[in-house]
Amino acid sequence: MNETLEQAKSNLPVQGFLKYKDLIIPQGEELKQAILDLKKEKNAVILAHYYQPGEIQDIADFLGDSLQLARQAKETNADMIAFCGVHFMAEAAKILNPTKKVVLPDTLAGCSLADGCSGEGLRKMREKHPNALIATYINCNAETKAESDIIVTSSNAETIINALPTDRPIIFAPDKNLGRYLSKKTGRDMILWDGSCIVHEAFSMERIAKQLADHPNAKLIAHPESETPVLDLAHFIGSTSALLDYVQKDDCQEFIIATEEGILHEMKKRAPHKTLIPALVFDESCNCSECFYMKRNTMEKLYLCMKYELPEILIDEELRLKALKPIEAMLDLSKSIK
Ligand code: 13P
Ligand code: SF4
């Protein structure tokens, strides 16, 4: 089948590529080459988060955490950004670089934190606490960002919270676990939105304690989206990039890792001789800590989104400008962070 772009578009559902079985997609090495050819042909850049499937991480031009990816998206000269991450990350790329075409392999790559918070919800909180500043985790949609005073990511949150005026209360949304952790670290009282990450809240403190007992030389490292009992056990707590750096630089040879399992792909490259053990979750039948939203993206969908330039992230200009303000405030305050 040699279809035209118009035929292909009519073949594609609005959400995701559920009907893509009707399209011809190269496989294996040919698929990799086809993606590289499309990159050249369309002057595209592939940005990928550390939680993406390994083969997508390997083909990406730039691999990073959410802060690093936002910076890359702002700086790129490419005409098209193929964003391999979840929807709010691709949307942030479009907010920061509106003249570029931003495509996401699967628009159903969502996030439990982003889905559980809304601009309207934040407006109501502001009405209740009119003097408060709203600091919102980047894991949220554009409407939520637009109602925020400043955005944070896991790697700059502490620096930013410490920089906020002490005479103003802070509303922190949407991750209550990260908020609780930040409140403890900075000593700032926070009014917390009741949201959480379905991946990080699945870690079981009891099962991890048993893992530590079975591996007495291992260190537990955890992302601050994990719940307090897990964080209380951890030898080190940090953002995706901080966890990567820690495993690479610390003398310890064995680590139990309480964050999304995709990070192990890059960790193994950076610390090939160290033992890396995924932390256990409550569900004994699964034992996996993968974010199924992140894993909706596949090489096949990456190929299709680059070929047909769909699904494209589009955003209303008035909303974009409102959402841009707190992101720029964040970038200004986090210049010192890698
Ligand atoms: P980072 O900001 O550490 O990249 O985390 C993003 C995320 O979705 C964590 O679950
Ligand atoms: Fe969202 Fe959690 Fe997935 Fe990160 S791991 S994208 S916070 S659901």
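We count ligands from 1, going down the list as the structure has it; atoms in each ligand are counted the same way.
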Next on the checklist: With a sphere of 6.0 Å drawn around NZ of Lys185, does it hold more than 12 non-hydrogen atoms of other residues, nucleotides or ligands?
Outcome noted: no

Item to check | Presence of salt bridge, Glu317 and Arg320, under 4.0 angstrom | outcome: yes

Next on the checklist: Testing the basics here: between Lys307 and Lys42, what is the closest heavy-atom pair and its distance to 0.1 Å?
Outcome noted: O-NZ, 2.8 Å

Item to check | Neighbour list for ligand 1 [protein residues, heavy atom under 4.0 Å] | outcome: His49, Tyr51, Asp65, Ser66, Tyr137, Asn139, Ser154, His200, His223, Glu225, Thr240

Item to check | Straight-line distance of Ile95 CD1 to Leu319 CG, nearest 0.5 Å | outcome: 7.0 Å

Next on the checklist: Between Lys124 and Glu120, is the side chain to side chain contact (heavy atoms under 4.5 Å, CB included) condition met? List the steps.
Outcome noted: CA-CA 6 Å; Lys124 283 188 182 148; Glu120 197 193 341; 3.4 Å; yes

Next on the checklist: Are more than 12 heavy atoms, taken from residues, nucleotides or ligands other than Glu30, located less than 6.0 Å from that residue's CD atom?
Outcome noted: no

Next on the checklist: Less than 4.0 angstrom from a charged side-chain N to a carboxylate O is my criterion; do Arg207 and Asp214 meet it?
Outcome noted: no

Checklist outcome for this item: The protein N, O or S atoms lying under 2.8 Å from atom 1 (Fe) of ligand 2 are Cys111 SG

Checklist outcome for this item: Residues Asp106 and Asn297: closest non-hydrogen pair is N-OD1, 3.3 Å

Checklist entry - Is it true that Arg270 and Asp245 have a side-chain N and a carboxylate O under 4.0 angstrom from each other? => result yes

